[in-house]
Amino acid sequence: MPNLLNANCTIFGIKVFREMYRIIKWIPLISTFFTLCRSLENGLARTPPMGWLAWERFRCNTDCKNDPDNCISDRLFRTMTDLLISEGYAAVGYEYINVDDCWLEKERSYNGHLQPDLRRFPYGMRDLSNYVHSKGLKFGIYEDFGNYTCAGYPGIIGSLETDAYTFASWDVDYVKLDGCYSHPSEMDKGYPEFGFHLNRTGRPMIYSCSWPVYQIYSGIQPNYSSIIESCNLWRNFDDIQDSWSSLESIIDYYGNNQDTIVPNAGPGHWNDPDMLIVGNFGLSYEQSKTQMAIWAILAAPLLMSVDLRTIRPEYKAILQNRKIITVDQDPLGIQGKRIYKHKGIEIWARPITPIFQNYFSYAIAFLNRRTDGTPSDVAVTLAEMGLLAPGGYRIEDLYEDVDYGILSPQTKIKVKVNPSGVVILRADVQPSYGRVSTTYNPFKNYFSYKTDNDF
Ligand code: GLA
């Protein structure tokens, strides 16, 4: 009997030992995993970041000798910092001044550190960052997870930890990490690793990744659950160019791939359809309104790339439209979707606050992709767009000063949408404590509202 017990114990003991060993040998890996997991939530970008980014408008102009006003230089970023404040952009939420490519010296310093081109950034990046901070704004910088940046300056490969500390020592608040000259198959490891080093510096820095777009280009299906955990925002698609066709291709990409893309957005992690090009050369007034409206529906980062010295007032007004910015910055952080597309007319809708019981409020954009030169009428009931709250919705136009009042879900709403233009409405859900109904007079094209007291 004792033997048997011993035998049992021994067998049990070996089993326990084996089990313990199996667990113990994973501990280093498990702890790395949890360290990485801990590194993933940096508490930043609870709403999509807003600011100014040099690339689309100023590109890689390094010719300060012949073009001192427009080259990538300390002076350009200080000027834009000043204008962000004096022209009222900061007051409506634009906060980051972001350097893009072409700020670097072609070689690292003798001890392996990144260094700015000292002719164009004579005071160094820390001084520029101090200037931006002294105005109450935040400072962003650009690098690349590869041997070179897209424009051929030194990338971070081989120096991830050093570069993260360099950025922290310059009081950087936002890092865009591009993906040229790298292997997209290494990004699943490399992007989280750099994020880990950024977080280890202890300085809160928004982390903007180009990880999915480069993987998509090389036929790799991005692992969005990992991307969400590592990055505050990420590029999914092509660079925006200064044209309506470029803008259309981006809008189509987000509409056509919305089932994969939309669920990934939320507070702290955003899809980035690229910069706002409003106020440049390529978009008409209507098209500019379209970009701003659709970006708000997409819960997109609002990073203007425009010359703030020369922008015309009507474009500035689009960028400073508080009502649309409020939609973009809605605290729920739910990205909107294209809910209708037929014969050149699209309807996009985004659930927003306030919520009443199970009913969201919505931002709704009617987009006219037709080119037949005259505005198109769109008529649709709120219920057909999924707005079913029994108390109805207060409807307001976000560009035009029109308040439609409170409409029931059965009410047909009618809008006129200009070619390549948009009408964007917000529909605030109303509490329903009593009987509410709405009548619509199609001839006068107005809506009236009746409550219990009117019956
Ligand atoms: C890539 C990025 C752009 C810009 C350039 C800079 O193309 O997608 O946004 O940063 O590189 O070279």
Side-chain angles (χ1 to χ4, degrees), residues 45 48-63 70-73 76-77 80 96-106 114 116-117 120-121 125 139-157 163 167 172-184 187 190-191 194 205-218 220 222 227 231-243 245-247 249-251 253-254 261 270-278 280 282 291 295 298 300-307:
M50 294 176 64
W52 185 91
L53 178 59
W55 180 254
E56 196 284 329
R57 175 62 181 80
F58 292 95
R59 301 284 160 154
C60 193
N61 179 352
T62 55
D63 187 3
N70 299 301
C71 64
I72 299 302
S73 67
L76 181 71
F77 293 100
M80 293 305 153
Y96 289 87
I97 289 286
N98 289 356
V99 174
D100 207 274
D101 208 346
C102 307
W103 62 273
L104 282 155
E105 198 65 68
K106 284 277 176 163
L114 293 170
D117 179 307
R120 293 182 285 114
F121 294 89
M125 299 320 261
F139 181 63
I141 210 158
Y142 166 98
E143 248 299 353
D144 187 288
F145 175 67
N147 291 314
Y148 302 100
T149 71
C150 294
Y153 294 83
I156 65 164
I157 281 297
D163 294 350
F167 293 153
V172 165
D173 303 295
Y174 181 123
V175 178
K176 169 175 168 181
L177 192 67
D178 212 337
C180 280
Y181 301 105
S182 68
H183 298 292
M187 291 178 173
Y191 268 93
F194 189 62
M205 289 183 259
I206 285 189
Y207 186 25
S208 160
C209 302
S210 301
W211 173 6
V213 63
Y214 284 93
Q215 292 198 323
I216 291 165
Y217 285 155
S218 61
I220 300 171
I227 292 167
C231 307
N232 294 116
L233 60 152
W234 52 83
R235 288 277 307 284
N236 311 82
F237 188 59
D238 290 349
D239 286 6
I240 197 161
Q241 310 292 341
D242 197 2
S243 72
S245 63
S246 167
L247 179 53
S249 70
I250 295 172
I251 293 173
Y253 181 83
Y254 281 86
I261 290 174
W270 309 100
N271 294 298
D272 176 12
D274 214 0
M275 289 156 270
L276 288 167
I277 56 167
V278 172
N280 292 326
Q291 188 186 22
W295 261 228
L298 293 176
L302 299 179
L303 297 167
M304 308 176 287
S305 193
V306 60
D307 190 343

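Order of appearance sets the numbers: ligands from 1, and atoms from 1 within every ligand. Everything quoted here is computed from the prediction, not taken from an experiment.
- Residue Ile227 holds its CD1 atom at 9.5 Å from OH of Tyr191, rounded to the nearest 0.5 Å.
- Here Tyr214 pairs with Asp178 under the side chain to side chain donor-acceptor pair (under 3.5 Å) rule; sequence neighbours left out.
- We find the CG-CG distance between Leu53 and Asp274 to be 8.0 Å, quoted to the nearest 0.5 Å.
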Nitrogen or oxygen contacts under 3.5 Å, ligand 1 side and protein side:
unit_1   : atom_1 : unit_2 : atom_2 : d
ligand 1 : 7 (O)  : Asp239 : OD2    : 2.6
ligand 1 : 8 (O)  : Arg235 : NH1    : 3.1
ligand 1 : 8 (O)  : Asp239 : OD1    : 2.6
ligand 1 : 8 (O)  : Asp239 : OD2    : 3.4
ligand 1 : 9 (O)  : Lys176 : NZ     : 2.8
ligand 1 : 9 (O)  : Arg235 : NH1    : 3.4
ligand 1 : 10 (O) : Asp100 : OD1    : 2.6
ligand 1 : 10 (O) : Asp100 : OD2    : 3.4
ligand 1 : 10 (O) : Lys176 : NZ     : 3.0
ligand 1 : 11 (O) : Asp178 : OD2    : 2.8
ligand 1 : 12 (O) : Asp101 : OD2    : 2.7

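- Partners of Asp163 according to the salt bridge (Lys or Arg N to Asp or Glu O under 4.0 Å) rule, which considers only residues two or more places apart in sequence or in another chain, are Arg108.
- Taking the salt bridge (Lys or Arg N to Asp or Glu O under 4.0 Å) definition, one finds that Asp272 meets it with nothing, sequence neighbours left out.
- Remark: the backbone N or O of Gly179 is not paired with any side-chain donor or acceptor of Ser210 at under 3.5 angstrom.
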